[in-house]
Structure formats: C-alpha cells, structure tokens
Number of protein chains: 2
Amino acid sequence: MPLPPLVADLTGFDLLLSVARLGSVGRAATEHRVSQPAASAKLRELERRLGLTLLHRTPRGSTLTGTGALVADWARTAVDAADALATGVAALRVTHESRLAVAASQTVAEYLLPPWLVALRAAHPGLTVTLQAANSADVAAAVLAGRVELGFVEGPDQPAGLHAETVATDRLAVVVAPGHPWARRRSVAAAELAATPLVSREAGSGTRRAYEEALGLAQAAPLLELSSTTAIKHAVAAGSGAAVLSSLAVTAELAAGTLVAVPTGVALQRRLRAVWKAGDQLTGPARDLYAIARRHR
Amino acid sequence: MPLPPLVADLTGFDLLLSVARLGSVGRAATEHRVSQPAASAKLRELERRLGLTLLHRTPRGSTLTGTGALVADWARTAVDAADALATGVAALRVTHESRLAVAASQTVAEYLLPPWLVALRAAHPGLTVTLQAANSADVAAAVLAGRVELGFVEGPDQPAGLHAETVATDRLAVVVAPGHPWARRRSVAAAELAATPLVSREAGSGTRRAYEEALGLAQAAPLLELSSTTAIKHAVAAGSGAAVLSSLAVTAELAAGTLVAVPTGVALQRRLRAVWKAGDQLTGPARDLYAIARRHR
DNA sequence: CAGAGGCATAACGCCAGCTTATGACCTCAG
DNA sequence: CTGAGGTCATAAGCTGGCGTTATGCCTCTG
C-alpha cells in the first residue's frame, strides 16, 4: 500500500510549519528560498488537496486556523521523522572531511541514533558525522583502532581496552502473529521458551546472544535464520513462529496489531553501552553525543 | 530550517520499502501504479542523491543491501508518520458518507488518535472516519447528541449520561527553557509551583483544569495566556517562564533539549477516557477503535 | 494621505519525470 | 544446447507541473 500522494511530498507541510513559526507566508518563502508567490500557491494547493482551511490570511500576516494547528502538529511529527532519516543518511554517507566518526551496533544505529544525531546537530550546526553500522565486536575493534571516537555496543560482553557506560536498557520482546497459539497466553515460561525453536538472526547477532544468555542456552536452535530484523518481522507476522526482538524494533507492529507481544517469566533485557578508549577523555562533539544519549535514556 | 530536499519527497523511499517487501523493482512499480522504468530510474536517482548503494539488482529480482536495510528502516518511520498524518487529515475532512464519527479532546486528537486510526484502518480497509477535535465538554455533548458514536475526553469531570472507560493516563510535565533557573533544580515543591504564574492555555482547557485540580487551585493566575500548545512551547523555549503541558506534547522538545522538564513533588497526571452513551453497547468500528486504544495503553 | 508590508493574479519558460519501445542479461526447462 | 520467461537498463519523445518576475489590491501605520 503506497503512501497517499497527499503526503508523499512534505514540502507543503514544511512550509506550513514555517508559516506557523514566522507568522507570514512571505517570510516562510524566504526561509525556504523560494519566491513569495510560489509559497502562496503551494499553500493554497495544499489546502485545496486536503479540503481544509489551514490559514487565516490577513494583510498583516498569516496565522494558523484551529485545524491548521492540528495538521501542523501532525505534520511536525512527519517532518521530524524525515529529518531523522536525512540525518541518518548523511551520517551513513562516507564523507572524507568528517569531523566526528561513530560506530554503532544494529539496534542502536537503527532505532536510537537518528534522534540523538538530530539533537547533536542542533548543538553543532556545521558538524559532519559519519556512522558505521556493524556488530558489537566490529564496533569495539573500530574504537580500539581509533577509526571512530565513540562506539555503541549491545550484548553482555565487556570489551577489553575500552571504557563502557550504559546509556540505555533494551527490553527484548517475544513476538508472534495475532493468530499464533501463544498470542492469547498469559505467559510463556522460560523452559518452554528455551525449548522452542525461534525465527532469529544469525548466530553471533547481539540480540540472539542476549537471548541465549538470558535463557542460559549455549546455542539456541533456530526455526528459521534470517539476516535482517525486517525479514524476521515479516516471517513472524506471516505465521512462521515466534521470535525474540528488541522492543524498539517492534513498537510500530505491536501498535498496528501486526504482531503480538507474549509475556514471559524471564527478564529479557540487555544494556546498550557507549564505549571509548580506556584512559581517554571524551571531548567536543563526541562528549556531547554521549551526553545526549544519556539524557534520552 | 527547511527540510533537506533529499527527504522532502518520500516517494523514492516508499518505493524502496515496496522493493524490500516484494523483492523486485517491477512489482514495486506495479504496486505504485507506475511503469517499471520509472521506478527503476527513481531508485537509481535516490541512490545517486544519497550517495549510497541501496539495492542488489540481480536478474532474479532485487534485494536490499545492508545500508539499504538500515535506510529502509529509518524510512519506514518517516513513511509511517506521513501515513498517520494522511489518516488524521482524512478523518478531519468532513466527508458526508462517513461511517464512523469520533470526537476527541485536543491532546488525544493530536498525539494519540493518528496511530489508533492507522491501526483501525488496517482492520477496516474501506472505512471512512470523521474526527471532530473539541474541548472535553463539547466532546461529551457530541456523544450525547448522537453526532458521534465515540468520544475521548480528558480531565477530572464525570460526564453525565455517558459511560466512561480510562484508556490512557497522561502525565503532565513542568517545562522550562534550558537557561531558566528551574532547569537545574532537583525539584520544585507544590506550593512554589502553585505560587508561580505560568504560561498556559485559556481557562477551561483540559490541561489547565487538570493542573489546577492537582494543586488544589480554584483558578491559576497565568503569566501569559496563549491559545495553542505550540505557541506555549515556543514562548517557554524563548524564556518566557514555566508551563505545564502534557508529556505527550513535549517529548520531541525534551529530546532535542529545547525544553527541560522540572521534577515536582506533585503527581501531575490525568486520565484520558473513552466515552459513549450510557446503556449503549459499542459495535463495529467504534468497538474496534476502543479496543485499539486500550491495547495501546 | 502616503508609504510599507502582505497576499493574489498573470504570463511565461524550463526542466523533471512519465510513458512506450526495445535491448541485454540471467535462469531454468526440456 | 536452446528457447522462453522474467528482470532490469537504456532511449526517445512529450507533457505539464512549478517556479520566476511583474504587477495589482488591500490594510494598517505614521
């Protein structure tokens, strides 16, 4: 199901947010580097397509109507998400004149880092960040080798030669499709969970290791081994079985009802930690990013 | 600061998500009702602009690369937010062949309802929802008069003639600008809070009423009275003083560091309740929406 | 009463992006 | 080994959306 064309292009909504902030269509146009008539037409077209009146236009400027304010607040969420996407992509891009290099494990890179980077960028407008997404072992290696200043790792291991500080705790959730027998269970005991083959990532993934450790398993026998979280979610939603995933990864699906979380008797959680070279003191943007990560905890 | 042009248009990212799900550029093109070359060109252009390789193209289809999967996950967040925006707008639009009419107070309409409606639409693909955003008293009146089947209200009042069930609890947060004297305080006592004029909504707003009740005030003297949550946030961020706002309304600002939450000795919270006519039984989409709201709690 | 600031309308030109048609490539079946 | 079917890339041509400048009208201010 493709995105409705109404919202595929966010520039109109972005313009609306500028009008809300600046109080005039003309000033919003200036901020967006377009002519005033272009902005005026764009906003009018937006109103026409939504079938809503968003602005009170007066000779002294423009203000939002009630519905305009409501739409603007929803739009802000979408624009912020797009902004986080842009920031993440910019960091992923290998820029050779980078200023801060960061490495992060999959879960952190996917779900936590983008808003942190948006906040960091607010504090350091000109800063370029490069991000390397890798598994926890590679992150540790990159920090040790000095390729990145700061790393974020998951899982139980204590990396040698690194100073580690917990910045967040990630709960792991057992998820199944709504039609799965477990979907209506009050609870699934640790023993039953340990005895059930799951849809999971490849051996050595941070999520899988944390799960194996929590259940005291040396190596869990997988029902199906897939290489990405997304693939696992789809397989489970299609009824392939149960999976253990970061709760951060399944909020949207739980909200939509595509997946159902099953309560368990086990505390499935793991710490997400910031790591840097032991003995070193974090400075500049790296220090700020660490502070932001702690603050968001 | 306008949105980077890279992400202003989400169609490319949306297409990427379809490719991830369907495994082929051509099928994604079909789903989006465009020709295969158009989709191919669009994805290639996306890769060019991001400076990243997102797809493995093979004669048997296309799959995401590692960075492609990462970008796709971030993109999914943005696309979902845009989808919530579209759903909210569609519900706001007065459609005359509506099927489910809902009224909600400001906080619920702004922050909670869009994802609920997205989930509801997943269960009822053809359903048209109309939404009326109003204050709690008007919501109750609309339900009583039968203009809407289901309402969502906030605040302490028990609406006469209506059956009410709590669907969520909203914490109120005391927020100030980072430079405000309170920003570094460990705690602000109830008495001090009650004695301090705040930036607030007009008398009678749900948030303001809940705050007055929690502090045992008949009527709080405002420092500044503004008509929208957004205006209040900006005024506070600019250093105008302190405000009490729904924690739902300030998550983004707290994350970005624009605003700072001040711990207080008072339990500032209020219930958000679903209401329908006493004696009636919820049926059909209204019943499902209520269930979704409870599930998201 | 004049000027400034704000939004709308008009006229025009350009380029982005879509479509159809076709080609190149791989895989698999017989 | 060979042909069919599926996938993606390239080419060429056209349309129309969108932005620009120029201008007019309105309202509030001094």
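Chain letters run A, B, ... following the sequence lines, proteins first, then strands; residues in each count from 1. Just so you know, these numbers come straight off a predicted model, no measurement behind them.
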> Should the pair E225(B)-R208(B) be classified as a salt bridge under the 4.0 Å nitrogen-to-oxygen rule?
Replying inline: yes

> Can you name the closest pair of heavy atoms from L64(B) and A69(B) and give their distance?
Replying inline: CD1-CA, 3.8 Å

> Do any side-chain nitrogens or oxygens of S62(B) fall under 4.0 Å of OP1 or OP2 in dC8(D)?
Replying inline: yes

> Could you state the NE2-C1' distance from H56(B) to dT7(D), rounded to the nearest angstrom?
Replying inline: 16 Å

> When every nucleotide of nucleotides 20-30 of chain D is labelled 5' to 3' by its protein contacts under 4.0 Å (heavy atoms), B for base, S for sugar-phosphate only, - for none, what sequence of letters results?
Replying inline: BBB----SSS-

>> When you measure from the side chain of S18(A) to the backbone of R27(A), do you find a donor-acceptor pair of N or O atoms at a distance under 3.5 Å?
In response: no

> Are the side chain of D14(A) and the backbone of L3(B) linked by a donor-acceptor contact shorter than 3.5 Å?
Replying inline: yes

>> Reading DNA chain D from 5' onward, which residue's closest nucleotide shows up sooner: G26(B) or D9(A)?
In response: G26(B)

> So, for V89(B) and W74(A), which heavy atoms are closest and what is the spacing to 0.1 Å?
Replying inline: N-CZ3, 3.6 Å

>> Please tell me if R57(A) has a side-chain N or O lying less than 4.0 Å from either OP1 or OP2 of dA8(C).
In response: yes

> R121(A) and D83(A): salt bridge (Lys or Arg N to Asp or Glu O under 4.0 Å), yes or no, with the steps?
Replying inline: CA-CA 11 Å; R121(A) 206 187 49 182; D83(A) 212 39; 3.1 Å; yes

> Does T65(B) use its side chain to pair, donor to acceptor, with the backbone of T53(B) at less than 3.5 Å?
Replying inline: yes

> Does a nitrogen or oxygen in the side chain of S24(B) sit under 4.0 Å from OP1 or OP2 of dG6(D)?
Replying inline: no

> Taking it one step at a time, do R48(B) and E45(B) satisfy salt bridge (Lys or Arg N to Asp or Glu O under 4.0 Å)?
Replying inline: CA-CA 5 Å; R48(B) 197 189 62 73; E45(B) 171 68 9; 3.1 Å; yes

Protein N or O to nucleotides 1-5 of chain D N or O, pairs below 3.5 Å:
none

> How many Å lie between CG on L43(B) and C1' on dT7(D), as a whole number?
Replying inline: 14 Å

> Ignoring hydrogens and geometry, is there a side-chain-to-backbone donor-acceptor pair from T87(B) to L117(B) under 3.5 Å?
Replying inline: no

> Are the side chain of E47(B) and the backbone of L54(B) linked by a donor-acceptor contact shorter than 3.5 Å?
Replying inline: yes

> Given dG6(C), dC8(D), dC7(C), which nucleotide is nearest the side-chain atoms of R27(A)?
Replying inline: dG6(C)

> Taking five pairs at each end, how big is the angle between the two axes of the helix from dC1(C)-dG30(D) to dG30(C)-dC1(D), to 10°?
Replying inline: 20°

> Quick one: is dA16(C) close enough that its OP1 or OP2 comes under 4.0 Å of any side-chain N or O from K42(B)?
Replying inline: no

> Tell me: CZ of R48(A) to P of dG17(D), nearest whole Å?
Replying inline: 10 Å

